[in-house]
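Just so it is clear, the model here is predicted, and its values are computed rather than measured.
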Amino acid sequence: MARLVLTNVEVTVAGVSLADHIASITLGSTYDVLETTAFAGGNVPAAAKERIAGLVDNSVTLEFHQDFAAADVEATIYPLLGTVAAIKVQPVNGAISAQNPEYQFNALISEWTPLNGAVGELSTASVTWPITGQIVKDVTP
């Protein structure tokens with residue numbers, strides 16, 4: 001099985017490709033863990049808790065290289081603050097396939113730091129946006 005080195009990830013936010021301004025990405029899901037342990041008899045020393053998965057909490061974390069040019073980072077993200085935007089992510093910019101799926105979801109653009117950095121450093125913006133609803137994995141070309 002081949003390993004994947006991320007060098008050409010595709011990320012679009014509200015239809016605008018921002019991949020050339022993104023240094024890192026994390027797309028994650030965490031399920032609530034609900035305890036279902038009940039009085040089921042058995043030996044007390046051998047008893048164990050039982051659990052099931054509850055609701056899933058999806059999020060995306062992105063680290064942007066800031067850019068104030070038209071149709072780039074600031075121009076795309078700033079007007080979306082406080083709204084839900086469609087985002088698409090692909091491991092490799094190219095045709096969608098089982099080996100290169102596209103993850104589609106809607107995220108609440110809940111935070112933004114337009115300026116971040118010290119003297120002589122690259123201006124960056126790191127965000128973690130909650131995903132509203134499901135993440136759809138598309139493998140159909």
Side-chain angles (χ1 to χ4, degrees), residues 1-69 71-141:
M1 179 181 217
R3 306 307 192 263
L4 176 63
V5 176
L6 298 177
T7 60
N8 192 19
V9 174
E10 177 58 52
V11 179
T12 62
V13 178
V16 177
S17 176
L18 296 175
D20 62 339
H21 286 77
I22 295 177
S24 69
I25 181 170
T26 302
L27 180 60
S29 300
T30 303
Y31 281 84
D32 290 339
V33 177
L34 306 175
E35 186 176 335
T36 61
T37 308
F39 294 111
N43 275 338
V44 173
K49 291 184 177 185
E50 296 178 0
R51 297 173 175 87
I52 61 171
L55 296 175
V56 65
D57 189 10
N58 300 310
S59 66
V60 63
T61 300
L62 301 164
E63 183 176 342
F64 291 95
H65 294 164
Q66 182 57 292
D67 190 336
F68 290 92
D72 269 327
V73 180
E74 176 74 7
T76 300
I77 304 302
Y78 192 79
L80 296 173
L81 275 169
T83 69
V84 172
I87 299 179
K88 295 181 182 180
V89 174
Q90 235 183 316
V92 179
N93 186 5
I96 298 171
S97 68
Q99 293 75 36
N100 190 36
E102 180 178 78
Y103 297 91
Q104 306 163 357
F105 51 90
N106 294 311
L108 175 60
I109 311 305
S110 58
E111 64 175 301
W112 184 241
T113 306
L115 287 175
N116 180 43
V119 173
E121 291 182 350
L122 183 66
S123 179
T124 62
S126 295
V127 298
T128 298
W129 293 328
I131 294 172
T132 181
Q134 297 179 344
I135 298 172
V136 174
K137 182 179 178 180
D138 185 1
V139 297
T140 308

Taking the six-membered ring for Trp, are Trp129 and Phe105 closer than 6.0 Å centroid to centroid? no
With a 3.5 Å distance limit and no angle check, can you tell me whether [X] reaches the backbone of [Y] through a side-chain donor-acceptor pair?
X     : Y      : result
Asp57 : Asp32  : no
Ser97 : Asn100 : yes
Thr37 : Glu50  : yes
Asn58 : Gln134 : no

In sequence, state the C-alpha distance, the side-chain angles, and the governing distance for Thr113 and Phe64, and then conclude on side chain to side chain contact (heavy atoms under 4.5 Å, CB included). CA-CA 10 Å; Thr113 306; Phe64 291 95; over 6 Å; no
Can you name the side chain to side chain donor-acceptor pair (under 3.5 Å) partners of [X], sequence neighbours left out?
X      : value
Gln66  : Glu74
Asn116 : Thr124
Thr128 : Thr61
Asp67  : His21

Is there a side-chain contact between Ile22 and Val9, using heavy atoms and a 4.5 Å cut-off? no
Considering only heavy atoms from C-beta outward, does the side chain of Ile135 approach that of Val60 to under 4.5 Å? no
Can you give me the closest heavy-atom contact between [X] and [Y], atom names plus distance?
X      : Y      : value
Pro101 : Pro91  : O-CD, 3.0 Å
Tyr31  : Gly54  : CD2-O, 3.4 Å
Asp20  : Ser17  : OD1-O, 4.3 Å
Pro114 : Ser123 : O-OG, 4.2 Å
Ala107 : Ile87  : CB-CD1, 3.7 Å
Glu111 : Val127 : O-CG1, 3.6 Å

Apply side chain to side chain contact (heavy atoms under 4.5 Å, CB included) to Tyr78 and Phe68, showing your working. CA-CA 10 Å; Tyr78 192 79; Phe68 290 92; over 6 Å; no
Residues at least two apart in sequence or cross-chain that pass side-chain contact (heavy atoms from CB on, under 4.5 Å) with Thr7, listed by chain then number, are Val5
Given Ile77 and Leu18, is the side chain to side chain contact (heavy atoms under 4.5 Å, CB included) satisfied, shown in steps? CA-CA 10 Å; Ile77 304 302; Leu18 296 175; 4.1 Å; yes
Restricting to pairs with a member in residues 79-91, which pass side-chain hydrogen bond (donor to acceptor under 3.5 Å, both in side chains), not counting sequence neighbours? none
With rounding to the nearest 0.5 angstrom, report the OG to CG distance, Ser110 to Leu81. 8.5 Å
